[in-house]
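Below is one structure, written out as C-alpha cells; comments come after it.
Since we're looking at a predicted model, the values are computed, not measured. Just so it is clear: chains get the letters A, B, ... in the order the sequence lines come, proteins before strands, and each one is counted from 1. Values below: all heavy atoms of this structure, side chains included; hydrogens, waters and symmetry mates excluded.
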Protein chains: 2
Amino acid sequence: MSGQAVTAELLAVIVALVDGRPSVLTLGEPPRLPSGPLLPSHRSLQAATRAWVEEQTGRSLGYLEQLYTFADLDREGDGGRPMSVSYLGLTTPGSPGIGGWRDWYSFLPWEDTRTDTRLLTDVIAPRLWQWVDADTGERAERRRRVQITFGLSGETWQPELVLQRYELLYESGLVPESPDSWRGADAELVPGDRMAGDHRRVLATGLARLRAKIGYRPVVFELMSPAFTLRQLQDCVEALAGRAVHTQNFRRLIEQQDLVEETGEVHAGTGGRPARLYRFRRQVLHERHVAGTTLPTTRSR
Amino acid sequence: MSGQAVTAELLAVIVALVDGRPSVLTLGEPPRLPSGPLLPSHRSLQAATRAWVEEQTGRSLGYLEQLYTFADLDREGDGGRPMSVSYLGLTTPGSPGIGGWRDWYSFLPWEDTRTDTRLLTDVIAPRLWQWVDADTGERAERRRRVQITFGLSGETWQPELVLQRYELLYESGLVPESPDSWRGADAELVPGDRMAGDHRRVLATGLARLRAKIGYRPVVFELMSPAFTLRQLQDCVEALAGRAVHTQNFRRLIEQQDLVEETGEVHAGTGGRPARLYRFRRQVLHERHVAGTTLPTTRSR
DNA sequence: CACCCTTATGCTACAACTGAGCAAAACCCC
DNA sequence: GGGGTTTTGCTCAGTTGTAGCATAAGGGTG
C-alpha cells in the first residue's frame, strides 16, 4: 500500500491594486494563473510558490496564504494524477514581468455590486430562476440555493459567497466551462471572461478567502502603497468587498483600532479638501489580535 | 520541467465528544493520527480521507474539512518527498474500530483553561520567560510573542491561537519533539503527551481551526447526540473553546438564533431542575448564513 | 414534609458597538 | 466670491454584549 505517485503543481492567485482596481496576475490567452511544478530544490510548498511567482513577476510577495489542495480524478491530465496546491498572494503592482494584471471583475463581473446591480437583477437572476424551474424535483432545493447565495427575495447579499455563486452558475450551465450536457437548450451564457481549465474556480476561491479575511485580519494594507489617504483605503476595501461602505463609520473603525498613524503630510489636488496621509502601523500585527476591517456596511442597496 | 513525483498521504484529525470530553481518534503507541495514502481508486482527496477514516473507525463522518497541505523537505521519509494533506473531521463516538479516543487535552493540556490555569501560570510561563531572557538580541521580540500568544501581562487569552502557542513551545525547546539543539541545558519539558512525527502539530492546527469555526458556523452540533440539553451543548462548546462561558447569555444566543427546537421531553436526574431537551434544526444550514456560536465570554479569569 | 442544595430558566440594568445622518472645514474651479 | 467636491467631526438611536439578580423545579435529608 505505498500510494500513488502524483505530480504536484503550485497555483497562485496574485492580487494587486492597479489604478485602484483589484487585479489578478494572469499569463497567456486564454488567461491562466501563474503556476509551476514542485521541484526537488524547493524547501516547502510555500517556498516553491514564492519562487515561482517571484521568478514570473520579478516582485516579492508580501503576503502568501494557502488556499486549497485538490487532486480530483476528472481534472485533465494523464501520466500521473495532477495535484494542485493553490495559494493566495497579495502584493503591489510594479512591473508584472511577463504576464499582466487583469481586473478580477472582468472574470467575475457579477461580484462587483458597488454601484450597479443590473447585471444581477436583469440578466443573471432571470436565467437562474429559469434553471430553478427546469427541474421539478429539485425545485425547492434550487430555489433556496439561489436565494441565499445571490441574496435574492429578501435575503442579504453576502460578499464572501463568491465560490458558492460561481458553483451555482457552473451547475446551472450559465458559464462556458460548464459541461455541455448541463447547458440548457437555448440558455444564454452569463457575461465574464473565461480562464484556462478550472482557474476561474480557483480565482473565485481566492476572492472568497480574501473577502472573508479582510474582516478579521488587517491584510488590506499589503495592497496599499506606504502612504495613503483614508479614502484610498476605503476605496480599496470597497473594491475587494465589492460593495460600498459608510465613509464616516469606516474612518471611525480604522482610527479607533489604531491601525494607522498620520505621516503628517497631506494629499491635495483631488478637487476637495486635502486628505491627510497615513501609514500602516506594522506593529499592530504583533501587538494583539487586531480585528481587521469589519465593514460598516451601508445597508442601502 | 516536469515536476517532482511525490506520494500523497491523507492525515485526519477526527474529533468526537467522549463522556463529555473532546477527544481525538488515534492509533498505536506513540499515538498517531489515522492516515492513509492516496490511491488511484480515490475520486478526490476528500473522498480518500472519508474512505480511510470510515475503514479505520467503522463510522461515517458528518463533517470533513481540509486543513492544510505540507511537503517540507525536512520531514522524515526517503524515496520521494512525502506530501501530507490534513483534514479535520467531526463525528460521534460509537465504536472507534481499531484505534481509540484520547482526550485531546492530554496532548495539549495547557489549552484547557476552563477551571484551572496553574499549569500556565506556574509551570509554562516561568519557563517561557527564561527562554525570553536567554537571547539578548531577540529578547523584545520573544517577549511580545509570549505575551500575545499566551495572554500574559495584561493581554487576553485567545483560544484560537493554539498553533502559535504550540510553535512557541516548540521553538523554545519545551516539548520533547523540539530539535535537541534548541533545548536549554537544564530546561524541563512541559507536560503533555507526545504524538508520532509532527502529528501533535497537526492536532494543534485542527484544534485552532475548530475553535475559530464554532464562532461563525454551527458545527458544534455535529458532535452532539440527536437530543441534548442546553447545558450539554454549553459544556461541549466550553470543552472545545477551553474556556467558560456565561450560561444565561449562551442560552439567549442559541435561542434567538433559532438554532434548536424543543423535543418536548425533559432530561431529569442531574440533581437539579430537569432540563428541556432540544434538537438541532438542520434546516438552518440552508436557511441563511447563520452566525454559529459566538461565545458570550465570561471575562472573569 | 420542611429545608437545603443543585440545576434550569427568566429577566433587567448597563456598557459598548453599529448604522445612519447632519454639518462644518478646506480645497478646486470659474 | 460662490458653488461644487472631498474630508473631517459629531450626534443619536437602535442593537448587541456583559453581568448579575431572582425564580422555578427537581433531588436529598433530617
Inset, instruction - Determine the contact category for B:Arg231: base if any of its heavy atoms lies under 4.0 Å from a base atom, sugar-phosphate if only primed atoms, P, OP1 or OP2 are that close, otherwise nothing. - result: sugar-phosphate
Atom-to-atom span, [atom1] of [X] to [atom2] of [N] - whole angstrom:
X        : N      : atom1 : atom2 : value
B:Glu255 : C:dA8  : CD    : C1'   : 11 Å
B:His267 : C:dA8  : NE2   : C1'   : 12 Å
B:Arg252 : C:dT12 : CZ    : P     : 12 Å
A:Ile254 : D:dT8  : CD1   : P     : 13 Å
A:Leu233 : D:dT8  : CG    : P     : 12 Å
A:Phe250 : C:dG19 : CZ    : P     : 13 Å
A:Leu253 : C:dG19 : CG    : C1'   : 12 Å

Inset, instruction - Using a 4.0 Å heavy-atom cut-off, write out nucleotides 23-30 of chain C from 5' to 3' as B (base contacted by protein), S (sugar-phosphate only) or - (no contact). - result: --BBBS--
Mind checking salt bridge (charged side-chain N to carboxylate O under 4.0 Å, His left out) for [X] and listing every partner two or more places apart, or none if nothing turns up?
X        : result
B:Glu238 : none
A:Asp116 : A:Arg118
A:Arg143 : none

Inset, instruction - Hey, could you give me the CZ/CG distance between A:Arg114 and A:Asp235, rounded to the nearest 0.5 Å? - result: 8.0 Å
Inset, instruction - Can you check whether any acceptor in the base of C:dG21 is under 3.5 Å from a donor in the side chain of A:His246, or vice versa? - result: yes
Inset, instruction - Output the single nucleotide from D:dA19, C:dG19, D:dT8 whose closest atom is nearest the side chain of B:Asn249. - result: D:dA19
Legend entry - Set of side-chain contact (heavy atoms from CB on, under 4.5 Å) partners for B:Pro274, sequence neighbours left out: B:Val266, B:Ala268
Legend entry - Nearest-nucleotide 5' precedence on DNA chain C, B:Arg276 against A:Gln256: B:Arg276
For residues 13-23 of chain B, tabulate all N or O donor-acceptor pairs below 3.5 Å that involve a side-chain atom, not counting sequence neighbours.
from    : atom 1 : to       : atom 2 : distance (Å)
B:Arg21 : NE     : B:Asp103 : OD2    : 3.4
B:Ser23 : OG     : B:Arg21  : O      : 3.0

Inset, instruction - Determine, for B:Trp157 and B:Arg165, whether the Lys NZ or Arg CZ falls below 6.0 Å from the six-membered ring centre while staying within 45 degrees of the axis. - result: yes
